[in-house]
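First the structure, in the form of structure tokens, and then the observations on it.
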Amino acid sequence: MREPVTSGSLLAWYDQHARDMPWRVAPHDRARGVMPDPYRIWLSEVMLQQTTVAAVKDYFVKFTNLWPTVDDLAAADDPEVMAAWAGLGYYARARNLLKCARVVATEHGGVFPSSRESLQALPGIGPYTSAAIASIAFDLPETVLDGNVERVMARIHAVETPLPTAKPELMDLAQALTPRERAGDYAQSVMDLGATICTPKKPACGICPWRDGCEGRAAGIAPELPRKIAKKAKPTRRGVAYVLRNSKGDWLLETRPNKGLLGGMLGWPGSDWTEEPIPAPPIQTSWEPAGVDVRHTFTHFHLILNVMTARADTPPDKGVFIPHLSFRPSDLPTVMRKVFDVAKHRFEQN
DNA sequence: TACTCGTGGGA
DNA sequence: TTCCCAAGAGT
């Protein structure tokens, strides 16, 4: 029999194929009245912004073990939360996560609001995340529009308008399909479909529950959709990172300003990152090159970091010495951890 | 509107 | 190697 492109046919598929995730309430448990914890849904959705499920899982478990409730998180110290987020990227999310937890704790009595409008008023919660929390945690009939939904809608309706221009059109199509009942399961079902079958490359149309009514497939253009505006090429920037240890073996680190790239994160003192960086050592001493440059790619530029090392007890112009035994490289953002790996190797040679 | 903001995995 | 991109938000 032919399956129509309806929420019902996708929900039937989801009942059989829902993926298991640490924050998810399985459809058969939802059917018995089990509701998700809004705190866990919020935390997972913020972590999942532009980030894969595989990358998020361990961080989610770590955060919920350290801070089981929103009140626990609200009471945490900023550096501990930033350190726990280290490696996950987009660090403004962690800063806004704390802001949001504190607003919920102090202004909402530790209880997340349920309406999409009140959720979107909170720090770090935008159009997608507000709809995701309202539907998944509170079962309200809100429509999520993320990259998965955009792709699925563009394909089943053969929308050839490129993104981001097509966004309002895709939102209208997504809203038209959103059911009154089981909105949370439905939202997750579309995203599961996009993540496992209606994938960006080589979609598995042959096993798609919506294949019979997919206009993109009928036109033979499903894998090409959604069309996108071409992106600009990434420039390459350079910089110098300084890794200083004193005679006790402590490491000189600084907390970066609470805005901009890697804002609020721990890092090595260094020059600016530009096409022509100006050296800016934290002290004047005999710096030695580590020998190997660190290469790293951010969202909008490539970076080549020249790593300099030295031992000295001179009080530095910036940063603080962190005792060897309490320094955890895992507290650093990835690019800074790469610098550490190179510098550590250099120190071990001497 | 357009730009900023991370990272790791896969093709 | 290089490019793409993944459950976006803030400015």
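By convention in this document, chain letters (A, B, ...) are assigned in the order of the sequence lines, proteins followed by strands, and residues within each chain are numbered from 1.
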With a non-hydrogen cut-off below 4.0 angstrom, is [X] in contact with a base, only sugar-phosphate, or nothing?
X        : value
A:Ile125 : sugar-phosphate
A:Arg19  : base
A:Gly260 : sugar-phosphate
A:Arg24  : base

ring-ring contact (aromatic ring centres under 6.0 Å, His included) partners of residues 98-152 of chain A, not counting sequence neighbours, each pair once:
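Found A:Trp42-A:Phe112.
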
Any pair with a residue in residues 256-275 of chain A that passes side chain to side chain donor-acceptor pair (under 3.5 Å), sequence neighbours left out, goes on the list, sorted by first then second residue, please.
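For residues 256-275 of chain A: none.
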
With side chain to side chain donor-acceptor pair (under 3.5 Å) as the rule and sequence neighbours excluded, what pairs involving residues 74-85 of chain A come up?
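Side chain to side chain donor-acceptor pair (under 3.5 Å) check on residues 74-85 of chain A returns A:Asp78-A:Arg102.
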
[N] [atom2] sits how many Å from [X] [atom1], rounded?
X        : N      : atom1 : atom2 : value
A:Tyr90  : C:dA6  : OH    : P     : 12 Å
A:Lys259 : C:dT11 : NZ    : C1'   : 12 Å
A:His300 : C:dG8  : NE2   : P     : 19 Å
A:Met21  : C:dA6  : CE    : C1'   : 12 Å
A:Asn258 : B:dC5  : CG    : P     : 14 Å
A:Met336 : B:dG6  : CE    : P     : 11 Å
A:Asp192 : C:dA6  : CG    : C1'   : 14 Å
A:Asn96  : B:dT4  : CG    : C1'   : 14 Å

Protein N or O to nucleotides 8-11 of chain B N or O, pairs below 3.5 Å:
none

In the hydrophobic cluster built from side-chain contacts under 4.5 Å, what are the other members alongside A:Val25?
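Grouped by the 4.5 Å side-chain rule, A:Val34 form the rest of the cluster around A:Val25.
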
Any chance you could pull the hydrophobic cluster mates of A:Ile283, using side-chain heavy atoms under 4.5 angstrom and chaining through other members?
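Under the 4.5 Å side-chain rule, A:Ile283 groups with A:Val240, A:Tyr242, A:Leu244, A:Leu252, A:Trp287, A:Met308, A:Phe321.
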
For [N], does either OP1 or OP2 sit under 4.0 Å from a side-chain N or O belonging to [X]?
X       : N      : value
A:Arg93 : C:dG10 : no
A:Gln50 : C:dA6  : no
A:Tyr91 : B:dT7  : yes

Here's one to test your reading of the geometry: is the NZ or CZ of A:Arg245 within 45 degrees of the ring axis of A:Phe347 and under 6.0 Å from its centre?
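Yes, a cation-pi geometry.
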
Considering residues at least two apart in sequence or located in another chain, which fulfil the side-chain contact (heavy atoms from CB on, under 4.5 Å) criterion with A:Ala84?
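In terms of side-chain contact (heavy atoms from CB on, under 4.5 Å), with neighbours along the sequence ignored, A:Ala84 is linked to A:Lys62, A:Phe63, A:Leu66, A:Trp67.
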
Please identify each residue that fulfils side-chain contact (heavy atoms from CB on, under 4.5 Å) with A:Gln120, with sequence neighbours left out.
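So A:Gln120 forms a side-chain contact (heavy atoms from CB on, under 4.5 Å) with A:Arg116, A:Pro127, A:Ser130.
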
Side-chain donor-acceptor distances from residues 190-199 of chain A under 3.5 Å, at least two apart:
unit_1, atom_1, unit_2, atom_2, d
A:Asp192, OD1, A:Arg24, NH2, 3.1
A:Asp192, OD2, A:Arg19, N, 3.2
A:Asp192, OD2, A:Arg24, NH1, 2.9
A:Thr196, OG1, A:Asp192, O, 2.8
A:Thr199, OG1, A:Lys201, O, 2.9

Are any of the side-chain nitrogens in A:Arg151 or A:Asp146 under 4.0 Å away from the carboxylate oxygens of its partner?
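Looking at A:Arg151 and A:Asp146, the cut-off is not met.
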
A:Met21: which of A:Leu48, A:Val53, A:Val56 passes side-chain contact (heavy atoms from CB on, under 4.5 Å)
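Of the listed options, the one satisfying the test is A:Val53.
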
Ring pair (Phe, Tyr, Trp, His ring centres under 6.0 Å) partners of A:His296, counting only residues at least two apart:
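Applying ring pair (Phe, Tyr, Trp, His ring centres under 6.0 Å) to A:His296 gives A:Phe298.
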
Regarding B:dG6, can its base be found pairing with the side chain of A:Thr51 as donor and acceptor, where the two atoms are less than 3.5 Å apart?
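Donor-acceptor pair under 3.5 Å: yes.
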
Contacts to DNA chain C from residues 127-137 of chain A, heavy-atom cutoff under 4.0 Å, which residues?
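Listed by number, they are A:Pro127, A:Tyr128, A:Thr129.
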
Among residues 227-236 of chain A, which ones have heavy-atom contacts with DNA chain C below 4.0 Å?
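The answer is A:Lys231.
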
